[in-house]
Amino acid sequence: MRQFQIGDFLHFKTVVNTRKLVEGEIIRIVSNKLTKSQAAFLHNLVDDFTSSNQRLGEFLYLFFHQLAIDSGNIVYPLLISSFHQVYVVLGNWNSQQQGKAKITRLNHQLVDQISAHQTKEALKLHNELVEWSLKDLLR
């Protein structure tokens, strides 16, 4: 396993802060307009992750890319796409099995909160998910 150094932590923290900012804005926008069919599609993405060997990084990319598309903002899907490799590499460094049940449960909950227009709760939950990812990377 790779040994992480202080500089790695600072880079990870920058990525975490960027995710919170960009994904948080996407959540704010989409929480006012997510349709039932869009929410169902997002739930299906989570279920597909749960029932397959899909890696966490690819799931996170697909999930947030779809949220960006659902936001209706044309810039956010492009921005998420530009971070594809970051999602894949860092997500795949996260524990695959240990956190899968928690990630699945919390992402279903996130979709439910966004669908119910519970923006503050959704942002709080999103921050919890991102912080879990950072802590898992550093353990």
Side-chain angles (χ1 to χ4, degrees):
M1 174 151 246
R2 181 176 189 268
Q3 294 295 316
F4 293 106
Q5 299 172 359
I6 272 297
D8 294 325
F9 174 75
L10 297 175
H11 291 295
F12 290 150
K13 196 65 178 161
T14 300
V15 170
V16 165
N17 289 337
T18 302
R19 280 193 64 195
K20 285 180 180 180
L21 177 69
V22 173
E23 294 169 6
E25 282 304 308
I26 292 168
I27 289 169
R28 278 184 191 82
I29 293 169
V30 80
S31 70
N32 293 319
K33 58 171 53 178
L34 194 70
T35 66
K36 288 182 182 184
S37 63
Q38 289 169 328
F41 187 82
L42 288 165
H43 279 297
N44 286 337
L45 280 176
V46 177
D47 290 337
D48 288 347
F49 168 66
T50 305
S51 64
S52 72
N53 289 327
Q54 184 180 35
R55 305 283 295 190
L56 177 61
E58 191 62 29
F59 163 70
L60 289 173
Y61 167 75
L62 292 171
F63 184 83
F64 284 104
H65 189 258
Q66 187 59 47
L67 269 180
I69 291 168
D70 293 341
S71 76
N73 181 304
I74 62 171
V75 174
Y76 285 124
L78 296 171
L79 191 56
I80 295 294
S81 289
S82 71
F83 289 115
H84 181 257
Q85 278 306 112
V86 174
Y87 279 100
V88 170
V89 171
L90 292 182
N92 290 344
W93 284 352
N94 280 123
S95 302
Q96 292 302 303
Q97 298 306 320
Q98 184 177 8
K100 196 166 192 172
K102 180 178 183 173
I103 291 165
T104 298
R105 179 178 51 79
L106 292 178
N107 274 287
H108 274 303
Q109 190 177 342
L110 181 61
V111 173
D112 290 340
Q113 288 176 342
I114 291 169
S115 298
H117 312 292
Q118 298 172 340
T119 307
K120 284 184 183 179
E121 293 84 354
L123 290 169
K124 182 178 176 188
L125 181 58
H126 172 258
N127 285 340
E128 180 183 330
L129 281 160
V130 175
E131 288 295 330
W132 172 86
S133 180
L134 176 63
K135 287 176 187 170
D136 185 67
L137 284 171
L138 297 174
R139 71 180 179 94

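Just so we're clear, the structure is a prediction, and the values are computed from it rather than from any experiment. We're numbering straight along the sequence, starting at 1.
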Q. Are side-chain heavy atoms of T18 and V22 found at a separation under 4.5 Å?
A. yes
Q) Are Y76 and I74 in one and the same hydrophobic cluster, where Ile, Leu, Val, Met, Phe, Trp and Tyr link if side-chain heavy atoms are under 4.5 Å apart? A) no
Q) According to the interplanar angle, ranging from 0 to 90°, do the rings of F64 and H126 count as parallel (below 30°), tilted (30 to 60°) or perpendicular (above 60°)? A) perpendicular
Q: Please examine the side chains of L123 and T119, heavy atoms only from C-beta on, and report whether any two atoms are closer than 4.5 Å.
A: yes
Q: First locate atom CZ of F63, then atom CG of L56, and finally report the distance between them rounded to the nearest 0.5 Å.
A: 12.0 Å
Q. Distance from N44 atom CG to S51 atom OG, nearest 0.5 Å?
A. 10.0 Å
Q | Gap between atom CD of Q85 and atom CG of L90 - 0.5 Å precision | A | 10.5 Å
(Q) Which residue is it: T14, L60, V86? I am looking for the one with a side-chain contact (heavy atoms from CB on, under 4.5 Å) to R19. (A) L60
Q. How long is the gap from CD on E25 to CG on N73, to the nearest 0.5 Å?
A. 9.5 Å
(Q) One pair to check against side-chain contact (heavy atoms from CB on, under 4.5 Å): I103 and W132. What are the steps and the verdict? (A) CA-CA 9 Å; I103 291 165; W132 172 86; 3.4 Å; yes
**Q.** S31 side chain reached by Q118 side chain, heavy atoms, under 4.5 Å
**A.** no
Q. Honestly curious: do F41 and I69 fall in one hydrophobic cluster under the side-chain, below-4.5 Å linking rule?
A. no
**Q.** Note, F83 side chain near V15 side chain (heavy atom, < 4.5 Å)
**A.** no
Q. Looking at K124 and E121, does any basic side-chain N land under 4.0 Å from a carboxylate oxygen?
A. no
Q) Shortest non-hydrogen contact from V16 to E131? A) CG1-OE2, 3.8 Å
Q) Given the rule that I, L, V, M, F, W and Y join up when any side-chain heavy atoms are under 4.5 Å apart, are V75 and L67 in one cluster? A) no
Q.
Measuring only between side-chain heavy atoms, which start at C-beta, is H108 closer than 4.5 Å to D47?
A. yes
Q: Could you tell me whether a side-chain N or O of E58 sits under 3.5 Å from a main-chain N or O of R55, the two making a donor and an acceptor?
A: no
Q. Quick one: are N127 and V130 in side-chain contact, heavy atoms under 4.5 Å?
A. no
Q.
Would you compute the distance between atom CG of L42 and atom CG of L62 and round it to the nearest 0.5 angstrom?
A. 11.0 Å
Q) Do the non-hydrogen side-chain atoms of Q38 and Q66 ever get within less than 4.5 Å of each other? A) no
Q.
Please find the pair of heavy atoms, one from A122 and one from L110, that lie closest to each other, and give the distance.
A. O-CD1, 3.3 Å
Q: Of all the heavy-atom pairs spanning V30 and S71, show the shortest one and how long it is.
A: CG2-N, 3.9 Å
(Q) Is any side-chain heavy atom of V111 closer than 4.5 Å to one of L45? (A) no
Q) Taking atom NE2 of H65 and atom CG of L79, what is their separation to the nearest 0.5 Å? A) 10.0 Å
Q) Between S81 and Y61, which heavy-atom pair has the shortest distance, and what is it? A) OG-OH, 3.4 Å
Q: May I have the step-by-step check of side-chain contact (heavy atoms from CB on, under 4.5 Å) for D70 and K33, ending in yes or no?
A: CA-CA 8 Å; D70 293 341; K33 58 171 53 178; over 6 Å; no
